[in-house]
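Letters go in sequence order (proteins before strands), and every chain restarts at 1.
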Amino acid sequence: MIQRPRGTRDLLPPESRLWQAVEELARTVFASFGADEIRTPAFEPTELFVRSVGETTDIVHKEMYTFEDRKGRSLTLRPEGTAGVARAWIENRLHDRSHPLRLYYIGPMFRYERAQQGRYRQFSQIGLELLGADSPLADAELLLVLHELFTRLGFDDLQVHLNNLGDPEDRPRYQQVVRETLAGRREALCSDCQRRLDENPLRVLDCKVPSCQVIVADVPPVSDVASEASRQHVAAVEAQLERLGVPFVRNRRLVRGLDYYLRTVFEVVSPRLGTNAVLCGGGRYDRLISDLGGPSLPGSGFAIGEDRLVDVLPEPFKERVLGARRLYLVPLGAPAQAEVLALAREWSRAGVTVEVELTGRSLKSALKRADKEGFAAVAILGDDELAGGVVAIRDLVASSQQVMAAAAVPDWWKGRG
RNA sequence: GUGGGCGUAGCUCAGAUUGGUAGAGCAUCGGACUGUGGCUCCGAUGGUCGGGGGUUCAAAUCCCCUCGUCCACCCCA
């Protein structure tokens, strides 16, 4: 049997409805704050990700799906969404548009990793990018939109972690501080941290090995070495959030795995997820567009892991989506079968969710099925009803039954919502 | 990429230690009840025992390889 590739999944009904509902709400909330959708290719020139995400990052270095096309060009399945948006902005001269520009995307990303719960080789991200505004207000708006979406999904237990990564100019100075602080204790660090010390010292900060955390506790947080301008920026973001009542915690150890972030960085974590608890990550990237050869343009954005989000969706939201009422239309006998689709069309046009029984099963087994499948009601159309121009409507919840004109069913249906 | 757990019916699992005709519950379909669900009873359908190879008269069971999945590390969404 041919099986799907490792780390990919088939989204089946009814769970696919949850995905639709999440995406629909995200579109609604984003659009209500002035964002529009952008759709970029699922694969891009490899160079784009090397230059934006960063050569030394794990994503680029060992997690990309890279291949050559028939003309020998190196292409890569996108491992994240921001790079493609930045590329598209430059290539399509969106510079000419009025800014700031709010662009959102929803779609699959690809990373070659060992799959486990909440981590897949193909996963979906819902992202929002805010281009052309360098103010703290822009970062605050992103966090607000995020908070609004999560609140409307019914979450009340998520935590927003926030940190200041400083400006790129601060980075060498900070790396120096890290190296100096840890110079004498290199041997005491785990082997991963010893490697990080050379390649990407920032990442030593969020090592989860307890012995490392003890040692790293002596290292001053990035924000202490950060420029005055970046400190004022992040402080202003925090002040906005406090004013808005958007809860967050300062996490001075928070570091992100993509090189383009600076100043404001944040994560949203769910206590209901295990190891892969990060539901959303984001931050400011004022140098990304210029690093890719475009003009100087500030930007800020986030990406939500849709797979993880759906995994921890609050029960009330799920019930609302999965509990949608449906009417089961059951024809009995050939004359009724001849009429049944026309009737379904009529009801469908009037806003009824109607499912026609097609297999000719007995009324008894149809009712049995209706009960199992959770239909709200069954419309029975037999010879008797046909003769009188009526249908028998059996309400499965109330266990009651009545006969009414076929044309009256949509109103009856609405009245019971 | 590293370490470990687990793959038997659509689902949850027994059967493996000691090789000997593949099982149960649930689900599905049908009947009891000829046009009325949920409960009960009866019956039926359903399996290359993840795949391949080896040992053996005989393998779900023992050995090797492989694929998948889950957990931890790593990483991030």
Side-chain angles (χ1 to χ4, degrees), chain A residues 1-9 12 53 57-64 78-82 106-127 190-193 195-196 200 203 206-209 212 254-258 261 265-270 273-282 301-312 328 330-333 336 357 359-386 391-401 403:
Chain A
M1 185 176 59
I2 298 175
Q3 299 177 316
R4 63 180 182 269
R6 188 173 201 165
T8 63
R9 15 191 230 158
L12 309 173
V53 175
T57 60
D58 280 10
I59 293 178
V60 165
H61 179 167
K62 50 188 194 191
E63 294 175 2
M64 294 205 304
R78 59 179 183 191
E80 59 101 40
T82 304
I106 298 174
M109 307 294 162
F110 308 84
R111 291 182 200 171
Y112 191 90
E113 296 185 274
R114 188 89 160 246
Q116 58 178 263
Q117 188 60 242
R119 202 176 75 181
Y120 309 97
R121 289 184 173 181
Q122 175 177 333
F123 59 101
S124 180
Q125 287 191 338
I126 300 175
C190 71
S191 57
D192 284 318
C193 280
R195 175 180 54 81
R196 291 187 185 116
N200 201 345
R203 296 222 63 95
D206 64 352
C207 181
K208 282 124 197 153
V209 176
C212 286
L254 173 61
V255 168
R256 311 245 59 235
L258 292 83
Y261 286 119
V265 289
F266 54 87
E267 282 181 353
V268 180
V269 302
S270 165
L273 285 167
T275 325
N276 300 312
V278 178
L279 272 188
C280 171
F302 63 74
I304 298 168
E306 191 174 4
D307 305 71
R308 292 179 188 178
L309 179 65
V310 171
D311 263 1
V312 293
Y328 188 25
V330 180
L332 299 174
E357 165 53 41
T359 68
R361 47 158 59 88
S362 68
L363 178 59
K364 181 183 184 60
S365 83
L367 281 167
K368 217 172 221 172
R369 170 162 186 272
D371 186 57
K372 294 228 162 72
E373 294 294 313
F375 283 96
V378 179
I380 302 161
L381 184 66
D383 292 339
D384 299 346
E385 289 79 10
L386 220 45
V391 291
I393 298 286
R394 183 165 186 80
D395 183 327
L396 292 183
V397 182
S399 247
S400 62
Q401 187 165 327
V403 172

- If you check every side-chain atom of A/Arg119, which of B/U36, B/C29, B/C73 has the closest atom? B/C73

- Item | Complementary nucleotide for B/G1 - Watson-Crick or wobble, under 3.5 Å | B/C73

- Task: Without swapping roles, check the side chain of A/Arg121 against the backbone of A/Glu113 for a donor-acceptor pair under 3.5 Å.
- Result: yes

- Message: So A/Glu373, base contact, sugar-phosphate only, or nothing? Heavy-atom distance under 4.0 Å.
- Response: nothing

- Note on the structure: Out of B/G37, B/C75, B/G35, minimum distance to the side chain of A/Glu63 belongs to B/C75

- Message: Tell me whether the side-chain N or O atoms of A/Glu113 pair up with the base of B/A77 as donor and acceptor below 3.5 Å, since no angle test is needed here.
- Response: yes

- Item | Spacing of the C1' atoms in B/U45 and B/G30 (rounded, Å) | 10 Å

- If B/U61 has a Watson-Crick or G-U wobble mate with both distances under 3.5 Å, name it; if not, just say none. none

- Message: Considering every strand and a 4.0 Å limit on heavy-atom distances, what is the contact class for A/Leu279: base, sugar-phosphate, or nothing?
- Response: sugar-phosphate

- Item | C1' spacing across the pair B/G23 / B/U8, given as an integer number of angstrom | 10 Å

- Query: Does B/U55 pair with anything, Watson-Crick or G-U wobble, both distances under 3.5 Å, and if so, with which nucleotide?
  - Reply: none

- Nucleotide forming a Watson-Crick or wobble pair with B/A9, both distances under 3.5 Å: none

- Rounded distance in Å between the C1' positions of B/A60 and B/G15: 8 Å

- Query: Of all the choices, B/G30, B/A77, B/G37, which nucleotide is nearest to the side chain of A/Arg394 once you look at every atom?
  - Reply: B/G37

- Query: Does the base of B/G37 carry an N or O that pairs as donor and acceptor with the side chain of A/Arg369 under 3.5 Å?
  - Reply: no

- Query: What is the nucleic acid contact for A/Ala303, judged by heavy atoms within less than 4.0 Å: base, sugar-phosphate only, or nothing?
  - Reply: sugar-phosphate

- Message: Students often get this wrong, so: under 4.0 angstrom with heavy atoms, is A/Asp58 touching a base, only sugar-phosphate, or nothing?
- Response: sugar-phosphate

- Query: Checking all strands, does A/Gly118 fall into the base, sugar-phosphate, or nothing category for heavy-atom contacts under 4.0 angstrom?
  - Reply: base

- Side-chain-base donor-acceptor pair under 3.5 Å for A/Ser362 and B/G30: no

- Task: Looking at every strand, decide which applies to A/Gly374 at a 4.0 Å heavy-atom threshold: base, sugar-phosphate, or nothing.
- Result: nothing

- Item | Closest non-hydrogen atom pair between A/Gln117 and A/Asp311, with its separation | OE1-OD2, 2.9 Å

- Message: I'd like the C1' distance from B/C49 over to B/G7, given in whole Å.
- Response: 10 Å

- RNA chain B: A/Thr8 or A/Val278, which has the more 5' nearest nucleotide? A/Thr8

- Query: Do A/Arg308 and A/Phe123 pass the side chain to side chain contact (heavy atoms under 4.5 Å, CB included) test, and can you show the C-alpha distance, the side-chain angles, and the key distance before you say yes or no?
  - Reply: CA-CA 9 Å; A/Arg308 292 179 188 178; A/Phe123 59 101; over 6 Å; no

- Task: Rounded to whole angstrom, note down the P distance from B/G68 over to B/C26.
- Result: 35 Å

- Checking N1-N3 plus N6-O4 or O6-N4 for Watson-Crick, or N1-O2 and O6-N3 for wobble, each under 3.5 Å, the partner of B/U28 is B/A44

- Query: Across all strands, who's sitting opposite B/G38 as a Watson-Crick or G-U wobble pair, both distances under 3.5 Å?
  - Reply: none

- A/Leu258 has its side chain closest, among B/G1, B/G35, B/A77, to B/A77

- Query: So does A/Ser399 reach the base of B/G38 with its side chain, donor to acceptor, closer than 3.5 Å?
  - Reply: yes

- Task: Quote, to the nearest angstrom, the C1' distance that separates B/U21 from B/G1.
- Result: 47 Å

- Item | Base B/U36 to side chain A/Gln401, donor-acceptor N/O within 3.5 Å cut-off | yes

- Item | Side chain of A/Arg114 - closest among B/A72, B/G37, B/C74 | B/A72

- Task: Mind checking A/Gly257 for me? I need base, sugar-phosphate or nothing, with any heavy atom below 4.0 Å counting as a touch.
- Result: sugar-phosphate

- Message: What's the gap between B/U61 and B/U69 when it is taken at their P atoms, as a whole Å value?
- Response: 23 Å

